[in-house]
Amino acid sequence: LMNNKLKVTLQTIHLPLKDVIKKITKKNVIEKIRIINNDMIKKFGISQPKILICGLNPHSGEDGLLGTEEIKAIKPAVKILNNEGIKIDGPVPADTAFIAKYIEKYDVIHTMYHDQGLPVIKYDNFSKTTNVTLGLPIIRVSVDHGTATDLVGTGNVDISSFVQALKVAREISESAV
């Protein structure tokens, strides 16, 4: 998801927390970051994207005290990606990843699961946030929320997120390399 202030990407989506851990592997992290880096260049015209990656565990695992996914998967992936020339830092604790100094420095903040990153961006400006699907050969955008079937027929529909998604699609098409 993205808005005018930040871009947030997810390592996993719509999984129970017990299944997220199984998907945090060095291979999966490398694969996802390569897609993000490539699309930041090709779709957003950012020549050298700066990516910040969050840890999975509280305090990024505290050197194994609170989990080892950072040690076993995320840090080794970051090292390999840096060696490839991808500008990525972390892992950092998710509870501090969204402070001003990081938002200003990085083009993308990559989180490990749905509710680690999306509440922050949705809180910031729900109606101006757009879902952009990366890794596709086409531009695919959508509103920042679900289908909102609970609003059908109520007359309380707010189309600002839809309008924002159209603007983002146009911007991507104009800056695509």
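Side chains are part of it too, since the values below use all heavy atoms of this structure and drop only hydrogens, waters and symmetry mates.
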Donor-acceptor contact present, side-chain Thr68 to main-chain Gly64, <3.5 Å
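Looks like no, no N/O pair under 3.5 Å.
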Sidechain-backbone polar pair: Glu70 side chain, Leu56 backbone, donor-acceptor under 3.5 Å
yes
What I'd like to find out is whether the side chain of [X] reaches to under 4.5 Å of the side chain of [Y], using heavy atoms alone.
{"X": "Cys54", "Y": "Pro91", "value": "no"}
{"X": "Leu10", "Y": "Leu118", "value": "yes"}
{"X": "Ile33", "Y": "Ile30", "value": "no"}
{"X": "Ile103", "Y": "Ile99", "value": "no"}
{"X": "Ile36", "Y": "Ile51", "value": "yes"}
{"X": "Asn131", "Y": "Arg140", "value": "yes"}
{"X": "Ile41", "Y": "Pro49", "value": "yes"}
{"X": "Asn4", "Y": "Gln164", "value": "yes"}

Answer with yes or no whether the hydrophobic clustering places [X] together with [Y]; edges join I, L, V, M, F, W, Y residues whose side-chain heavy atoms lie under 4.5 Å apart.
{"X": "Val120", "Y": "Val132", "result": "no"}
{"X": "Tyr102", "Y": "Ile74", "result": "no"}
{"X": "Phe98", "Y": "Val108", "result": "no"}

Please list every donor-acceptor pair under 3.5 Å in which a side-chain atom of residues 12-19 meets a protein atom from a residue at least two apart or in another chain.
from  : atom 1 : to     : atom 2 : distance (Å)
Thr12 : OG1    : Met112 : O      : 2.7
Asp19 : OD1    : Lys22  : NZ     : 3.1

Members sharing Ile138's hydrophobic cluster (side chains within less than 4.5 Å)
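Its cluster partners, ordered by chain and number, are Leu136.
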Answer with yes or no whether the side chains of Asn28 and Gln11 bring together a donor and an acceptor at under 3.5 Å.
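Judged by distance alone, the side chains do not pair up.
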Answer yes if the side chains of Tyr106 and Asp89 hold a donor-acceptor pair under 3.5 Å, and no otherwise.
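Asp89 and Tyr106 do have a side-chain donor-acceptor pair below 3.5 Å.
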Heavy-atom closest pair, residues [X] and [Y]:
{"X": "Leu1", "Y": "Ile121", "result": "O-CD1, 3.4 Å"}
{"X": "Pro93", "Y": "Ser60", "result": "N-OG, 3.1 Å"}
{"X": "Ile109", "Y": "Ala97", "result": "CD1-O, 3.3 Å"}
{"X": "Ile88", "Y": "Val78", "result": "O-CG1, 3.8 Å"}
{"X": "Thr133", "Y": "Lys43", "result": "O-NZ, 3.9 Å"}
{"X": "Val29", "Y": "Ala77", "result": "CG1-CB, 3.6 Å"}

If I take atom [atom1] from residue [X] and atom [atom2] from residue [Y], how far apart are they, to the nearest 0.5 angstrom?
{"X": "Met2", "Y": "Thr129", "atom1": "CE", "atom2": "OG1", "value": "9.0 Å"}
{"X": "Leu52", "Y": "Leu6", "atom1": "CG", "atom2": "CG", "value": "11.5 Å"}
{"X": "Phe162", "Y": "Lys167", "atom1": "CZ", "atom2": "NZ", "value": "12.5 Å"}
{"X": "Met40", "Y": "Gln48", "atom1": "CE", "atom2": "CD", "value": "14.5 Å"}
{"X": "Asp39", "Y": "Ile139", "atom1": "CG", "atom2": "CD1", "value": "10.0 Å"}
{"X": "Glu69", "Y": "Ile24", "atom1": "CD", "atom2": "CD1", "value": "8.0 Å"}

Derivation of the side-chain contact (heavy atoms from CB on, under 4.5 Å) call for Asn3 and Thr130:
CA-CA 6 Å; Asn3 61 26; Thr130 302; over 6 Å; no
Take atom CG in Asp63; do more than 12 heavy atoms of anything else shown fall under 6.0 Å from it?
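Not more than 12 within 6.0 Å, no.
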Counting heavy atoms not belonging to Ile159, are there more than 12 under 6.0 Å from its CD1?
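Counting other residues, nucleotides and ligands, CD1 of Ile159 stays at 12 neighbours or fewer.
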List the residues meeting salt bridge (charged side-chain N to carboxylate O under 4.0 Å, His left out) with Lys79, not counting sequence neighbours, and say none if there are none.
none
Could you tell me whether Lys7 sits above the aromatic face of Phe44, with NZ or CZ closer than 6.0 angstrom to the six-membered ring centre and within 45 degrees of the axis?
yes
